[in-house]
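Notes to accompany the following structure.
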Amino acid sequence: MKRQDCLELDRNDPLAATRSAFELPSDIIYLDGNSLGAAPRAVWPRLERLVQKEWGEGLIRSWNEAGWFTLPSRVGDKLAPLLGARPGQVVAADSTSINLYKALVAALKLRPGRARVIGDAANFPTDLYLLQAAIEAVGERRLEHLEAEAIATAVDDDTAVVALSHVDYRSGRLHDMAAITAAAHAAGALTVWDLAHSAGAVALALDDDGADFAVGCGYKFLNGGPGAPAFLYVAERHQAEIEPALPGWMGHVAPFDFAPEYEPAPGITRNLCGTPPILSLAALEVALELWAEVDMAALRRKSQELGQLFIARIEAACAGRGLVLASPRDPEQRGSQVSFRHPEGYALVQALIGRGVIGDFRDPDILRFGFAPLYLRYVDVWDAVEQLSQVLDSGEWQQEAFKTRQAVT
Ligand SMILES: *Cc1c(COP(=O)(O)O)cnc(C)c1O
């Protein structure tokens with residue numbers, strides 16, 4: 001493989017054209033689209049029109065006339081095909097953390113009398129905290145953290161819920177949703193999946209895999225913008241039975257009756273809580289339109305090729321420099337990111353950013369690189385590894401400035 005071959009791969013890439021739909025600085029190689037997706041150009045004119053016309057001129061009338069009121073479920077239905085979900089099962093609302101809490105409490109309440117809850121100790125901190133909080137809210141449950149391999153055989157008729165991230169945020173490891181869900185269902189348990197690092201990164205089939213609940217972020221691979229609303233999927237078969245943990249007025253059957261008693265809306269919208277953030281929802285809606293033409297099989301293939309190229313190049317160009325692969329080598333077992341360990345990981349990532357190659361660092365020693373196939377080129381991967389090898393060779397990462405931890409890593 002040579003740099004020339006990467007340029008050839010880019011010329012033949014069926015996804016090459018989508019790059020131009022994004023605003024990207026020409027001197028940056030962006031390997032952090034798994035943390036904050038790039039900005040779709042179409043968001044600008046949409047937000048301008050929204051602020052000037054819908055808000056500025058339409059004022060409060062726009063809740064009806066500009067369709068603001070139905071935006072959470074409309075955006076949910078736009079997202080549904082990407083998740084492998086039929087319409088009416090997804091809403092865009094709140095943050096991933098909040099949706100996780102709603103999903104966990106709902107799932108636990110659907111399985112009373114079952115004491116075990118199975119999680120993964122390596123899960124993202126917010127998932128760990130909220131699983132604990134949901135268990136405390138519902139009561140009489142006991143949390144067990146298991147290794148992924150052990151879960152399918154451990155689920156039994158005392159298990160209420162299995163709650164996992166589909167793709168591990170540190171290692172990029174991809175769990176087998178179909179197999180784990182089938183094992184949970186065989187024992188009568190439910191599943192709650194966090195798709196933060198899978199939505200827009202891997203082909204998903206929530207309906208076919210039998211998922212019960214799922215949540216995920218709008219601002220990662222979905223490119224909805226910083227703090228974009230998250231999403232919540234509830235399989236249709238559960239919707240009528242859910243007692244929302246956060247029964248806000250936007251989930252009421254008739255919010256504008258201003259009734260003193262809560263009565264849940266039918267269907268997915270009972271999971272809404274308060275007034276939705278219209279500017280952010282509109283940005284996410286526009287960002288989702290980019291996916292209409294995307295073949296998810298082609299996207300997954302490119303994502304895997306970018307990851308394999310990255311691993312192969314690092315192992316060739318940075319051999320003997322202390323980088324150890326922290327992700328599954330088999331692309332079938334990996335999401336759309338590759339991580340390496342290095343004891344000086346933080347400083348290395350900072351030095352790389354200094355050279356215009358943006359990845360990120362996760363405690364204690366993980367250098368994490370995300371591959372967003374909608375806008376990343378093969379040649380970017382090649383060039384990023386060249387820069388990393390120069391960072392290692394030059395020792396420039398040893399400068400004090402690169403070792404000082406910032407608030408966001
Ligand atoms: C990014 C991420 C989150 C973020 O949750 P927020 O509520 O958006 O801050 C949650 N879970 C996982 C697994 C993540 O990777």
Side-chain angles (χ1 to χ4, degrees), residues 31-38 72 75-76 79 83 90-105 107 118-134 145 148 151 161-175 177 180 191-202 204 206 211 213-233 245-246 271-274 276-277 280-281 283-284 287 326-327 334-339 358-363 366-372 407-409:
L31 304 181
D32 217 356
N34 54 319
S35 230
L36 175 63
V75 174
L79 181 53
L83 307 179
V90 183
V91 277
D94 304 316
S95 63
T96 301
S97 300
I98 289 176
N99 286 326
L100 199 53
Y101 183 76
K102 296 183 214 170
L104 290 167
V105 170
I118 296 178
D120 167 11
N123 209 341
F124 191 81
T126 210
D127 299 58
L128 299 176
Y129 310 154
L130 288 161
L131 183 53
Q132 195 67 51
H145 286 310
I151 290 173
V161 170
V162 177
L164 292 176
S165 282
H166 188 215
V167 172
D168 182 276
Y169 79 104
R170 276 200 207 89
S171 68
R173 177 175 174 172
L174 174 70
H175 290 302
M177 183 184 291
I180 292 176
T191 52
V192 177
W193 291 98
D194 187 333
L195 308 179
H197 290 281
S198 1
V202 300
L204 289 163
L206 293 184
F213 296 85
V215 302
C217 300
Y219 54 80
K220 292 179 176 169
F221 287 102
L222 299 178
N223 311 305
F231 63 86
L232 170 64
Y233 162 94
L246 301 171
N271 301 288
L272 297 177
C273 188
S280 308
L281 270 174
L284 176 59
S327 296
R334 205 171 62 219
S336 202
Q337 67 175 71
V338 171
S339 301
I358 302 183
D360 63 23
F361 170 79
R362 288 295 172 262
D363 229 29
I366 299 269
L367 298 87
R368 192 175 70 153
F369 302 96
F371 304 99
V408 176
T409 64

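Nothing fancy with the numbering, it's 1 onward along the sequence. Indexing begins at 1, ligand by ligand and atom by atom, following the structure's order.
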One should read off an interatomic distance between D363 CG and T409 OG1, to the nearest 0.5 angstrom, of 7.0 Å
Which of the numbered atoms in ligand 1 are under 4.0 angstrom from any heavy atom belonging to [X]?
X	answer
H197	15 (O)
A196	2 (C), 12 (C), 13 (C), 14 (C), 15 (O)
S95	7 (O)
K220	1 (C), 2 (C), 3 (C), 14 (C), 15 (O)

What orientation do H166 and W193 show, parallel under 30°, tilted 30 to 60°, or perpendicular over 60°?
perpendicular
S165 heavy atom under 4.0 Å from ligand 1:
yes
Which residues share a salt bridge (charged side-chain N to carboxylate O under 4.0 Å, His left out) with R362, sequence neighbours left out
D360
Under 3.5 Å, side chain of [X] to main-chain N/O of [Y], donor-acceptor pair present?
X	Y	result
T191	A211	no
S336	F371	yes
N123	A121	no
Q337	R170	yes

Among V215, N34, T126, closest by heavy atom to atom 10 (C) of ligand 1 is T126
Considering only non-hydrogen protein atoms, determine which one is nearest to atom 4 (C) of ligand 1 and report residue, atom name and distance to 0.1 Å.
Y219 OH, 3.3 Å
Region of [X] engaging ligand 1 - heavy atom pairs below 4.0 Å:
X	answer
S97	both
D194	side chain
I98	neither

